[in-house]
A.B. asks: 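Sharing a structure below in structure tokens format, with a few things to ask.
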Amino acid sequence: MTAVTDKPRATRASAAGSSGKGCPVQVPAPFDYARATSVADALELLERHGPESHVIAGGHSLLPMMKLRLARPEWLIDINDVAELGHLTEEADVLRVGALTRHAALLDSDVVGRLFPIVHDAEKVIADPVVRNRGTIGGSLGQADPAEDLTTVCDVLRAQVVIVGPAGERVVDIGDFHRGPYETACEQNELITEVRFPIRARSSSAYEKVERRVGDWAVAAAGAAILLAEDGTFADVAIGLTALGLEGLATEAAAVLVGERPSEELLAEAGRLAAVASSPVEDQRGPVDYKRHLADELTRRVLRRSLERVGATAGALQGG
Amino acid sequence: MTTVQERSPMPQEREPNPAMTAADRPIGYGRVQRKEDPRFIRGKGRYLDDIVLPGMLHGAVLRSPMAHARLVSIDTTEALAHPKVHAVITGKDLEGLNLAWAPTLSADTMAVLATDKVRFQGQEVAFVVAEDRYSARDALELIDVEYEQLPVVIDARRALEPGTAVIRDDKDGQTDNHIFDWEAGDKAETEAVFARADVVVSEDVVYPRVHPAPMETCGAIADYDPIDGKLTLYETTQAPHAHRTLYAMVAGIPEHKIRVIAGDIGGGFGNKVGIYPGYICAVVGSIVTGKPVKWVEDRSENLMSTSFARDYLMRGEIAATKDGKILAVRTHVLADHGAFNATAQPTKYPAGFFSIFTGSYDLEAAYCSVTGVYTNKAPGGVAYACSFRVTEAVYLVERMVDVLAQRLEMDPAELRLKNFIRPEQFPYKNKTGWEYDSGDYEPALRMCMEQIGYADLRQEQAEKRARGELMGIGVSFFTETVGAGPRKHFDIVGLGMADGAEVRVHPTGKAVVRLSVQTQGQGHETTFAQIVAEELGIPPEDIEVVHGDTDQTPFGLGTYGSRSTPVSGGAVALAARKVRDKAKAIAAAMLETRPEDLEWEKGRFFVKGDPSAAKTISEIALGAHGTVALPEGVDGNLDAEVTYDPPNLTFPFGAYICVVDIDAGTGKVKVRRFVAVDDCGTRINPMIVEGQIHGGLADGVGMALMEFIGFDEQGNCLGGSFMDYLIPTALEVPDWELGATVTPSPHHPIGAKGIGESATVGSPPAVVNAVVDALAPFGVTHMDMPCTPARVWAAMQGRATPPI
Ligand SMILES: Cc1cc2nc3c(=O)[nH]c(=O)nc-3n(C[C@H](O)[C@H](O)[C@H](O)COP(=O)(O)OP(=O)(O)OC[C@H]3O[C@@H](n4cnc5c(N)ncnc54)[C@H](O)[C@@H]3O)c2cc1C
């Protein structure tokens with residue numbers, strides 16, 4: 001599992017209680033700091049400083065938690081100088097994205113936008129430019145916040161995560177990477193180095209999020225990736241939900257579409273099943289019934305947008 | 001785009017001339033870039049936290065995690081043992097100094113550091129003084145406090161139920177959570193009008209708890225000099241002089257030995273009017289350690305413990321004829337004041353100026369009653385640019401007028417036009433005792449409708465409705481009451497609401513103006529220089545404005561309630577006129593003529609009929625300080641001081657229209673357009689006026705759509721960070737479209753009315769009215785703020801609920 005001991009997200013920490021004594025402190029507890037120069041160096045530092053040492057990338061999840069003293073690492077191993085983690089490489093059937101790639105770089109990349117429009121959809125609504133300039137894809141996946149947007153994106157794109165540790169490198173399917181809220185397959189002494197996105201023809205994707213305000217975490221969001229067969233039927237569909245209490249993909253919602261020709265009725269059915277698959281909890285962002293409604297509404301929207309993007313079957317949809 | 005319609009021969013607004021050079025910029029009123037901006041734009045503002053004094057220590061406050069609990073014990077041993085800690089102060093220590101409790105601005109008391117109980121989450125329990133702010137905060141964790149939890153009172157509606165825990169059992173004779181009952185208007189007369197009205201509509205309207213959330217949080221640096229017994233206190237305060245007097249009264253330090261300095265203030269909005277426990281702790285910390293002590297809040301401390309705003313639960317009722325003549329308005333308010341009654345407001349007005357809820361309408365009767373209660377929440381209450389509860393009042397009446405329009409199936413703009421106080425009725429005495437100084441309402445609303453294209457929008461809305469799309473148009477029209485005094489009616493803890501100003505012209509003709517009010521971003525350094533410039537013809541850049549230091553400025557009550565220009569603006573203009581009168585006498589001596597034979601032209605006196613025989617203001621200044629033989633009774637300077645006690649309040653007004661689009665699938669509201677036509681009387685610097693309006697409109701959109709301090713059942717504050725307490729960004733607000741009419745105040749020396757809060761007051765109802773208008777097809781007649789996606793969607797399902 002990654003990172004820090006007790007980790008309800010910083011957003012939840014407003015109700016005092018953060019320091020254990022109840023005062024909402026906003027400076028971190030004492031810690032030490034080291035700057036890694038390479039992946040090997042980072043692994044060595046993690047090993048040397050032991051279980052209470054943690055990687056820091058953009059710091060936009062870890063630092064807020066430290067300031068509220070929800071996280072108290074003894075050592076921070078800063079990987080921002082590790083140039084080998086900043087790549088963005090298109091190959092024939094895969095896009096390889098280094099773990100230190102910033103949100104802003106993903107949003108700026110034409111390659112990313114062309115291959116995976118869902119990434120741009122999501123990046124446009126992740127935080128604000130200041131956060132996007134620093135926050136990284138590795139940190140987002142490493143944080144594994146249930147309201148974090150790139151997790152859903154990686155889920156529906158069936159990404160793979162490359163993890164390097166003392167025992168060498170392993171490639172983990174995104175489904176196996178997640179172990180639950182704030183828990184991943186990346187151990188404390190390991191490093192996420194890369195995320196791989198398979199490139200597929202006749203496919204597209206979309207993401208939509210409802211937020212109370214720009215820069216806010218999702219009230220709810222949905223993402224979809226579709227692959228159409230030659231005959232215009234769905235060959236593969238992946239639907240994911242953010243902040244809606246669903247781990248992994250909404251498989252039943254996707255299953256009703258596969259092999260079928262797109263129609264509004266089918267999308268509505270997929271939306272309904274996505275809502276059934278969700279198990280949201282009430283919070284300040286909204287009650288359960290509303291969030292369930294959003295699971296349905298947003299699922300239909302992202303499927304529709306994916307279809308529009310793949311350039312198919314507008315006619316069929318209108319007929320539906 | 002700005003449209004200005006002149007409604008009087010009062011000072012002309014000068015639009016900027018693109019080719020304007022330094023030589024022909026306005027000397028007086030007009031668009032002048034702010035004198036303070038060069039330092040702010042270059043990051044050279046000097047805020048409290050920028051100040052570092054030699055040997056300075058740092059304080060941090062330990063706060064209660066519980067909303068209501070008995071303090072069983074506090075153990076500070078471990079914290080004191082921290083190598084960098086110099087002192088730990090608890091309520092017990094303060095008791096010894098008679099400082100554990102302090103008076104509030106509403107004749108109540110508040111705990112400085114808790115001694116018996118904690119009464120809200122975030123309440124101050126102990127104060128650590130250490131070598132740096134990090135150690136101070138580390139040491140907080142080393143203090144061991146034992147609490148015994150008590151039942152909490154969170155829902156104000158239940159605060160007065162028998163058997164409810166009594167929060168203020170520290171007060172003799174207090175056996176419940178009742179603070180006050182207050183009423184205005186004529187109850188019987190109002191009942192009679194309601195009884196014979198064709199139509200009565202009523203609605204429960206909640207103005208939820210919000211927070212001013214200034215960009216700079218609150219803080220203080222106390223520097224007590226044990227040798228000469230002088231306390232220098234740097235503070236984030238909107239009212240330095242009032243603070244000095246209060247410290248003298250509370251802490252027993254003689255007033256001449258206290259100097260309060262407020263440097264640049266990063267926003268106040270009412271949040272920085274009161275005295276917070278942290279300030280007092282910093283003072284005690286400095287006395288105890290013999291060193292300067294700085295205390296600056298974290299953001300969460302600011303949101304959780306300092307003056308909130310609103311929290312009014314209102315029952316609104318309107319009586320009207322069936323053809324839409326509004327007859328009477330009636331309301332009962334339950335006011336949640338939190339754990340201590342600490343609202344900053346004039347003594348005789350426990351509900352502030354809420355009785356202006358009669359709005360801009362000519363009514364036959366009106367009545368309101370307000371009940372204030374204690375709850376286990378942070379104290380405060382009048383803040384966030386509300387003009388002492390005018391915000392709540394305007395929201396209530398403007399929401400209710402729309403409810404009536406919907407019931408009568410009348411256009412909400414037409415309904416307002418039909419009921420406005422007419423121009424010939426001014427000065428207008430309303431049914432709760434206010435005398436509106438001047439107003440001409442219809443042209444403002446018509447200008448607003450014209451500018452937004454009201455008829456076309458209604459057409460577009462009809463088409464969209466037919467297609468199932470949700471679009472709403474919201475109208476609001478407000479009248480504010482600002483600029484308190486007169487001092488015979490308005491005081492704060494016994495200090496009359498008047499303000500002093502001093503103008504001095506130096507021998508070379510440059511001037512300095514000293515103010516009692518304190519800018520927090522309003523541009524005082526520019527506006528007040530322009531007032532003097534207009535009166536004396538000295539260019540604004542040759543006039544230094546000094547404020548925010550009690551050793552350097554005359555006494556006065558400070559900046560809040562939109563009172564700086566109405567009160568201090570009057571003081572400055574009158575002081576400048578005194579200087580001008582004196583200059584005339586001296587000019588006459590210099591020109592060897594009689595004062596009656598002189599004529600004033602901006603910047604100089606000349607002999608009637610001989611314009612070449614003249615003395616400029618700088619020549620006169622040099623003369624005054626030089627060797628000119630002065631006339632009888634005129635001393636050798638060009639100085640004057642005035643304390644201005646306004647004869648009445650001023651009544652700015654405005655018409656706002658907002659257009660929203662709502663995503664029917666998600667409930668997300670998008671503010672598409674917003675036109676604001678404001679009338680604040682004389683516009684001294686239209687650019688600053690517009691800036692004030694822009695900020696207030698953004699505040700209003702924020703409150704209408706997202707801002708909210710909620711609590712859970714245990715009394716945990718749910719709005720304690722900017723992740724949870726949302727304030728709007730540039731992306732939630734449209735490009736503001738402004739217009740203006742100019743109806744000067746007849747009683748004010750320069751006809752100016754104050755603009756600081758108009759937009760915050762007027763915009764929330766415009767946005768909410770637009771949202772409700774969009775939702776009308778679902779049978780929605782009212783929904784409470786904040787109109788978040790989830791709450792809007794619930795309203796669409798017929799389940800609109802109050803947020804609290
Ligand atoms: C105001 C604000 C709003 C935000 N809004 C959103 C939003 O709407 N949607 C959203 O998705 N996110 C949001 N975020 C989070 C943002 O996207 C973060 O940047 C991201 O979650 C974490 O990336 P980081 O690089 O900053 O990670 P860090 O904070 O540096 O690290 C996060 C965690 O991941 C671990 N980690 C980092 N890199 C690696 C690695 N290479 N290998 C192993 N472990 C690693 C760290 O040890 C830590 O546990 C917001 C953040 C802020 C401050």
Side-chain angles (χ1 to χ4, degrees), chain A residues 9-31 64 67-69 72 124-125 127-129 147 208-222 271 280 282-294 296-301, chain B residues 60-66 121-122 125 133-138 140-145 147 297-301 303-305 663 665-668 702 705-706 708 710-712 714 716-732 786 788-791 793-794 797 799:
Chain A
R9 184 171 76 243
T11 52
R12 289 281 148 268
S14 64
S18 50
S19 75
K21 294 281 162 65
C23 19
V25 181
Q26 286 183 355
V27 296
F31 62 89
K67 287 185 183 175
L68 293 164
R69 303 199 172 195
R72 292 166 173 260
K124 277 181 202 145
V125 293
D128 51 42
E208 185 165 338
K209 165 170 160 179
V210 172
E211 50 190 3
R212 294 173 301 176
R213 188 203 66 188
V214 164
D216 188 22
W217 293 81
V219 175
E282 169 157 9
D283 60 14
Q284 286 220 91
R285 292 186 172 75
V288 167
D289 60 349
Y290 172 62
K291 292 186 179 184
R292 227 184 261 283
H293 160 77
L294 288 182
D296 178 351
E297 175 76 27
L298 297 179
T299 296
R300 281 183 282 133
R301 289 186 185 187
Chain B
V61 173
L62 180 73
R63 295 179 181 277
S64 164
M66 288 178 201
Q121 189 191 48
V125 174
R133 61 186 300 246
Y134 305 101
S135 309
R137 280 160 172 81
D138 287 346
L140 294 180
E141 294 188 313
L142 304 174
I143 301 173
D144 209 9
V145 187
Y147 296 99
E297 284 171 345
D298 292 339
R299 176 59 58 190
S300 291
E301 296 184 273
L303 288 170
M304 291 175 67
S305 73
D663 181 330
T666 65
K668 176 101 183 156
L705 298 186
M706 61 193 80
F708 174 50
F711 293 85
D712 69 12
Q714 285 79 48
N716 293 311
C717 175
L718 303 176
S721 84
F722 274 162
M723 290 256 189
D724 298 306
Y725 189 74
L726 302 175
I727 48 177
T729 73
L731 293 166
E732 277 77 38
T788 60
R791 293 176 47 74
W793 185 78
Q797 317 303 309
R799 287 185 264 123

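A note on names: the letters A, B, ... follow the listed sequences, proteins ahead of strands, and every chain is numbered from 1.
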A.B. asks: Is the shortest heavy-atom distance from the side chain of A:Glu211 to the side chain of B:Leu726 under 4.5 Å?
C.D. replies: no
A.B. asks: Looking at B:Thr788, B:Thr729, B:Leu705, which one has more heavy-atom pairs under 4.5 Å with chain A than the rest?
C.D. replies: B:Thr729
A.B. asks: Going by heavy atoms in the side chains, are A:Asp289 and B:Arg799 under 4.5 Å from each other?
C.D. replies: yes
A.B. asks: Rounded at 0.5 Å granularity, tell me how far CD in B:Glu297 sits from CD in A:Gln26.
C.D. replies: 10.5 Å
A.B. asks: Any donor-acceptor pair under 3.5 Å linking the side-chain atoms of B:Thr666 with those of A:Glu297?
C.D. replies: no
A.B. asks: Hey, does A:Tyr290 have a side-chain heavy atom less than 4.5 Å from the side chain of B:Pro789?
C.D. replies: yes
A.B. asks: Supply the atom-to-atom distance A:Arg212 CZ to B:Glu732 CD, rounded to the nearest 0.5 angstrom.
C.D. replies: 11.5 Å
A.B. asks: Is A:Arg301 in contact with chain B via its backbone, its side chain, both, or neither, using a 4.5 Å heavy-atom distance?
C.D. replies: side chain
A.B. asks: What's the shortest heavy-atom distance between B:Asp138 and A:Pro30, and which atoms?
C.D. replies: OD2-CG, 3.6 Å
A.B. asks: Need one label for B:Arg791: side chain, backbone, both or neither, based on atoms under 4.5 Å from any heavy atom in chain A.
C.D. replies: neither
A.B. asks: Heavy-atom distances under 4.5 Å only: say whether A:Val219 touches chain B with side chain, backbone, both or neither.
C.D. replies: neither
A.B. asks: Between B:Pro728 and chain A, which part of the residue has a heavy atom less than 4.5 Å away: side chain, backbone, both or neither?
C.D. replies: backbone
A.B. asks: List the atom of A:Pro287, the atom of B:Ala790, and the distance in Å for their closest heavy-atom pair.
C.D. replies: CD-CB, 3.8 Å
A.B. asks: Where do A:Arg285 and B:Asp724 land on the salt bridge (Lys or Arg N to Asp or Glu O under 4.0 Å) test, with the steps shown first?
C.D. replies: CA-CA 9 Å; A:Arg285 292 186 172 75; B:Asp724 298 306; 5.1 Å; no
A.B. asks: Side-chain contact, heavy-atom cut-off 4.5 Å: A:Arg69 with B:Glu141?
C.D. replies: yes
A.B. asks: Between B:Lys668 and A:Glu208, does at least one N-O distance fall below 4.0 Å, as a salt bridge requires?
C.D. replies: no
A.B. asks: Atom CZ in B:Phe722, atom CZ in A:Arg213: separation rounded to 0.5 Å?
C.D. replies: 9.0 Å
A.B. asks: Just give me the residue among B:Met706, B:Arg137, B:Gln714 that pairs up with chain A most often, heavy atom to heavy atom, under 4.5 Å.
C.D. replies: B:Arg137
